[in-house]
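Note that this is a predicted model, so its numbers are computed, not measured.
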Amino acid sequence: MAFVADTLNPLRSGAARRGTPMAPATLAALALTGAALLWSGNFLAGRMAADILPPATFSAARWAFALLLLLPFTFREIRANAGALRRRWPLWMAAGVLNIAVFTVLIYAGLAHTSLVNGSIIGSAAPILVGLLGWLMLRERTTARARLALGVSTLGVALIVTRGDIRNLTGLALNPGDLVLFGGISAFALYAVLLKRFPGGLSAAAALAVSIPFGLAALAPFAAIEMAQGGLGTAHAGEAALLIAYTAIFPTIGFVLWARGVAVLGPTRAGQFLQLMPVFGAGLAVGLLGESLHIYHLAGLALVAAGLALRDKRVAA
């Protein structure tokens, strides 16, 4: 628990720790790799919960538990910034609705109708969507290389969504789960651009804790409808509890690990570690769920990775 407490401590950077045998950059790389693995586990949990927990109920339970875990580590920072938080409540409301409610629900709903392999690869396109929305909404400067990167990664996602057959697009025979997943990733990208345009001035853990209540308020009516329709039975109560506990604890730690890594390596280099998600996701899907890999999966993954590499090379130049 000492490691978890230190990881969630928003006031102390990894670079400032004394007596650490490894360099800060090495620790940051390990933190980012761990975040990618834990987030891939979130996708796995969402796929496993498809027949056990309805998406809004699952999301609400997960984030309520996560809030209880975060508050002991973030309460003092939140209280110290209470005045600024009250003045900027619309920002935190938007962050909560987009990230906590819309993103999570659409991810879990989409995973109920598609494979974990598909979800992992589509999810890895998030940095490209963030770049596109940043250009459209913030008028961020872009180059021919950046536009090429967007096109290549978009082609990779399209290859997955159409299952490698353009006739599925012309005949509108698309997998609805893939489209819902893409909608969830788009909501997350919009959330990321929003925070980039209006930075909240809080640590990653505190910002997440502040936004969760707004997301829970948005989720509540949908979760209530699911419960009224008998969406949460007792037949799989033990499995449901384990899935909720996992998604509340480990992906939340992954979020903070990610923020710690970004603080050391910067967002551009950190973004490259998202390319590990489809690798971890495919391994989990094949090893634990028995899913199959197809040629279009590998081709789509290669295109998404190539687009990310093009974008990162541009930024580093």
Might you point out which heavy atoms bring [X] and [Y] nearest each other, and give the distance in Å?
| X | Y | answer |
| --- | --- | --- |
| G215 | A101 | O-CB, 3.9 Å |
| A61 | I244 | CB-CD1, 3.6 Å |
| L69 | A248 | CD1-O, 4.0 Å |
| G281 | L116 | O-CD2, 3.7 Å |
| Y108 | S59 | CD1-OG, 3.4 Å |
| T247 | R62 | O-NE, 3.1 Å |

Any donor and acceptor pair, going by atom type alone, linking the side chain of N81 with main-chain N or O of E77 inside 3.5 Å?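 Yes.
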
Using modelled atom types and a 3.5 Å cut-off, is there a donor and acceptor pairing between side-chain atoms of T57 and backbone atoms of E226?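 The answer is no, because no donor-acceptor pair under 3.5 Å joins these two groups.
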
Applying side-chain contact (heavy atoms from CB on, under 4.5 Å), can you list everything that pairs with A31, at least two apart in sequence or on another chain?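 side-chain contact (heavy atoms from CB on, under 4.5 Å) list for A31, sorted by chain: L257.
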
Applying the 4.5 Å side-chain criterion to the ILVMFWY set and letting contacts propagate, would [X] and [Y] be lumped into a single cluster?
| X | Y | result |
| --- | --- | --- |
| L71 | L202 | yes |
| W89 | I100 | yes |
| L53 | I225 | no |
| F58 | L242 | no |
| V105 | F222 | no |

